[in-house]
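Below: the structure, in structure tokens.
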Amino acid sequence: MSKNLVIGFPRIGEKRELKFALEKYWSNECDFSVVEEVAKELKAKSWQRQKISGIKHISSNDFSYYDQMLDTITMVGAIPQRFQNIEDEIKRYFAMARGYEDGVAMSMSKWFGTNYHYIIPELNAHQQFSLNAKKIINEYKEALALGIETKINLISPITFLALAKCVDGSDTYLLLDKLTDVYVELLKEIGTLNDEIIVQIEDPIFVRDVTPEILSLIEPCYTKLAKASSKIKLLVSTYFEHSNEATKILAKLPIWGVGLDLVSGAKNIDALQTIAKSDKILVAGVIDGRNIWKNDLTRTLNLLHSVAKIISKERIIPATSCSLLHVPYSLGFETDMDEEIKNSLSFAYEKLEELTLLSRLFFNQKEVGDDTLLEKNRNDIATLITSEKIHNPLVAKKVAEIKKYEREETFETRIVKQKEDIGYPLLPTTTIGSFPQTKEIRDARKNLKQNLISQEQYDAIIKDYIQDVIAMQEDIGLDVLVHGEPERNDMVEYFGENLEGFAFSQNGWVQSYGARCVKPPILYGDVSMKKYITVDWITYAQNLTSKPVKGMLTGPVTIINWSFVREDLPKSTIATQIALCLSDEIDELQKRGIKIIQVDEAAFKEGYPLRKINIEAYERWAIDSFKLSVSSAEPKTQIHTHMCYSQFDDIIDAIEAMDADVISIELAKGGNALLQIFKEVHYSKEIGLGVYDIHSPRIPSVNEFKEQIAQMLEILPKEKVWINPDCGLKTRKFEEVIPALENMIEATKSFR
Ligand code: GLN
Ligand code: ZN
């Protein structure tokens with residue numbers, strides 16, 4: 001078997017078996033033993049699959065019942081106070097993730113720019129740690145019983161502390177010494193399991209712009225870890241970007257190997273010399289774990305050969321660039337997909353085959369048929385590049401002929417025209433777009449897909465819903481209404497489905513957090529519009545009322561960040577193509593009498609690059625594509641945007657540059673301190689304050705809203721402020737939403 005390594009494997013199950021088992025357990029429909037049984041099978045299946053495919057280094061402890069950071073929190077005994085009285089270990093584990101009686105759930109954040117959410121460790125200055133190695137030891141033994149000697153995956157103590165928060169505001173790194181001791185203890189225990197074991201320590205924090213402080217932690221931490229057990233070979237892995245500063249230090253330490261991402265971190269090449277001069281193994285991440293396109297094996301082989309000119313071949317192990325957690329399981333389930341598109345893709349199982357073929361070719365261990373496979377790969381890649389499905393000359397022409405990149409007039413003159421034309425009160429109230437998705441709506445969508453109802457029947461159900469929510473909004477007294485988005489399952493999927501250039505998988509699920517999975521659209525080709533996407537629904541709603549109805553679109557940055565995106569074009573070009581479609585849509589909306597249009601950019605901030613050096617380029621295309629999208633809006637048409645967060649300190653200039661007339665933001669949890677930045681920079685445009693926390697079923701009282709609004713009006717002038725919920729209401733129930741909005745409106749009126 002030739003050498004190769006997989007950083008980690010998906011765990012939710014080919015058919016999301018773990019998700020369904022967990023949900024049953026959470027709703028008390030089964031014991032945890034049922035979940036354990038499912039988990040055991042999933043692990044066995046994934047190990048065996050990798051083995052059959054010819055993977056040499058297969059992981060254990062890449063499985064998790066919820067999240068690997070939460071597992072690490074449990075492993076080091078960093079249980080926050082409010083969960084400590086829960087005796088049952090399993091109950092406690094899920095309580096931390098999901099909340100329990102008075103104990104609010106621990107917060108989550110996105111894992112290094114991916115759509116995967118981890119649980120943020122909550123520590124304190126006097127934090128004590130204690131080892132709980134059970135899961136790790138058991139998983140290793142489980143694999144061993146199946147005849148597979150795994151490498152053991154751990155999150156490094158440095159990355160753990162970098163992502164943790166000290167509730168008392170103290171420096172988490174002050175805890176490193178103590179934490180490292182727990183890892184040493186763990187490694188000692190692992191060392192008793194076998195004569196030789198690889199432990200893969202993941203340190204993705206090194207791919208950010210690391211401070212000298214972080215760099216100074218590497219040597220003491222890893223020197224200690226390396227001494228823990230003579231049986232252990234330490235592999236330190238990073239991914240998603242280059243980590244050259246850290247690599248230079250690691251190469252001098254007594255570890256076994258360094259894992260680098262050569263797909264998303266091309267600059268890693270510059271650090272290979274330092275590895276070459278050492279005795280370290282290079283785990284070369286060349287199979288992309290974050291995207292789903294077929295690997296160009298010829299090109300990758302060349303890359304490996306060029307690496308081999310720097311580091312001797314014996315010291316190179318071809319690998320995935322990161323865990324395959326971020327891609328779906330298998331193309332085998334895609335029976336409806338266009339063959340040509342399917343042929344350009346590679347999910348986790350297919351990536352295993354790519355990796356093993358690649359390593360056989362690289363190490364000159366060719367098997368019968370390998371030449372044919374390589375030839376087929378060459379042909380597939382060549383077909384893809386020239387495919388008519390991907391290239392639409394009309395789109396290219398349209399992009400080349402753009403004349404108008406932004407709106408006319410400045411905000412100052414536009415807003416005067418808008419206020420005159422739309423006519424809204426001081427402190428206008430509105431919502432972010434969606435209203436609760438009812439069972440009726442979901443069933444109708446399902447039935448339409450299965451041809452159980454006709455398009456006309458479906459449209460009638462949607463229209464009924466729109467009628468109801470328009471009447472309800474008039475009734476409770478909102479100022480700017482919405483149609484409620486009943487026709488959309490998902491804000492990105494819906495636009496993808498209505499645009500040319502997107503494909504959809506049937507089973508391409510990727511874990512987002514816990515049991516939650518997403519099925520990202522596949523943006524494979526030039527994007528163009530088949531027909532207007534939202535115009536019929538919005539104008540239908542507008543014709544039901546004399547109040548303004550806000551049109552609702554998803555912006556180019558969010559569409560790109562929440563899809564699997566083609567790699568043969570720069571993102572800036574793809575964003576331009578999407579923007580041109582949205583611009584046409586906006587033009588039609590305003591021609592048909594819509595005066596306010598919101599372009600959601602929920603993923604604007606999360607798309608920021610991991611390294612500062614790449615921020616300028618990102619901001620340029622992100623801002624430009626937003627401006628291009630709304631460039632067709634006349635001065636009197638009001639453009640809103642919405643973003644689902646509240647920290648704007650670092651991106652406020654970009655926000656201002658987007659030039660939206662109104663931005664609605666999330667503030668319900670953050671409070672007024674977060675608004676300070678808008679005041680500091682003399683932000684000129686209007687701001688919608690998200691004062692109602694839609695993530696909770698709680699109905700805030702009138703007084704609560706009043707207090708919140710009063711605090712915020714200490715910072716911002718009334719004339720610039722809108723009042724709204726902090727995000728769409730689609731996951732809530734009408735019973736919660738209506739009284740909450742009524743309270744919000746009543747509170748707002750008292751300030752007019
Ligand atoms: N308009 C969308 C909605 O209300 C926005 C959702 C979001 O920001 N994630 O559902
Ligand atoms: Zn939102």
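Both ligands and their constituent atoms are indexed starting at 1 by order of listing.
Near A602, meaning under 4.0 Å from one of its heavy atoms, ligand 1 places the atoms 8 (O), 9 (N). Atoms of ligand 1 found under 4.0 Å from any heavy atom of G433 (numbered from 1 in listed order, with element): 4 (O). Of all atoms in ligand 1, numbered sequentially from 1 with element shown, those under 4.0 Å from a heavy atom of C644 are 7 (C), 8 (O), 9 (N). Within ligand 1, the atoms closer than 4.0 Å to a non-hydrogen atom of I432 are 1 (N), 4 (O), numbered from 1 in the order shown.
Contacts between M491 and ligand 1 below 4.0 angstrom, taking non-hydrogen atoms only, involve the side chain exclusively. Only the side chain of H642 comes within contact range of ligand 1, with a heavy atom under 4.0 Å; no backbone atom does. In S434, the parts holding a heavy atom less than 4.0 Å from any atom of ligand 1 are both the side chain and the backbone.
An N or O contact shorter than 3.5 Å is missing between W562 and ligand 1 by distance.
In this structure, Y66 and W26 have tilted ring planes: the angle between them lies in the 30° to 60° band. Taking the six-membered ring where tryptophan is involved, the planes of F604 and Y608 are perpendicular, since the angle between them exceeds 60° and thus also 30°.
Residues Y692 and E736 bring no donor and acceptor atom of their side chains to less than 3.5 Å of each other. Neither side chain, N561 nor E606, offers a donor N or O lying under 3.5 Å from an acceptor on the other. Between the side chains of D67 and Y116, at least one donor N or O lies within less than 3.5 Å of an accepting N or O.
A donor-acceptor contact shorter than 3.5 Å links the side chain of D661 to the backbone of I639.
Here the shortest heavy-atom distance to atom 7 (C) of ligand 1, taken over S664, G690, C727, G728, belongs to C727.
Assignment of K730 to the shell around ligand 1 is not supported, since no heavy atom sits closer than 4.0 Å.
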message: Assess the residue pair D526 and R566 against the criterion (salt bridge (charged side-chain N to carboxylate O under 4.0 Å, His left out)); give the C-alpha distance rounded to whole Å, side-chain angles, the decisive distance to 0.1 Å, and a yes or no.
response: CA-CA 9 Å; D526 287 343; R566 65 194 284 193; 2.8 Å; yes
Derivation and outcome, salt bridge (charged side-chain N to carboxylate O under 4.0 Å, His left out), residues D443 and K439: CA-CA 6 Å; D443 287 348; K439 183 170 183 314; 2.7 Å; yes
task: Could you give me the CA-CA distance, side-chain angles and deciding distance for S625 and I578, then say whether side-chain contact (heavy atoms from CB on, under 4.5 Å) is met?
output: CA-CA 8 Å; S625 66; I578 301 171; over 6 Å; no
query: After noting the C-alpha distance and the side-chain angles of D490 and K519, does the key distance pass the salt bridge (charged side-chain N to carboxylate O under 4.0 Å, His left out) rule?
result: CA-CA 10 Å; D490 174 275; K519 192 152 64 64; over 6 Å; no
Please set out all donor-acceptor pairs under 3.5 angstrom arising from side-chain atoms of residues 423-434, sequence neighbours excluded.
{"residue": "Y424", "atom": "OH", "partner": "Q638", "partner atom": "NE2", "Å": "3.0"}
{"residue": "Y424", "atom": "OH", "partner": "E686", "partner atom": "OE1", "Å": "3.1"}
{"residue": "T429", "atom": "OG1", "partner": "D479", "partner atom": "N", "Å": "3.3"}
{"residue": "T429", "atom": "OG1", "partner": "D479", "partner atom": "OD2", "Å": "3.0"}
{"residue": "T430", "atom": "OG1", "partner": "V480", "partner atom": "O", "Å": "3.0"}
{"residue": "T430", "atom": "OG1", "partner": "K550", "partner atom": "NZ", "Å": "3.4"}
{"residue": "S434", "atom": "OG", "partner": "L729", "partner atom": "N", "Å": "3.1"}
{"residue": "S434", "atom": "OG", "partner": "K730", "partner atom": "N", "Å": "3.2"}

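Within a radius of less than 2.8 Å around the Zn ion (ligand 2), the protein N, O or S atoms are H642 NE2, C644 SG, C727 SG.
With respect to atom 5 (C) of ligand 1, the closest heavy atom belonging to the protein is D600 OD2, 3.4 Å.
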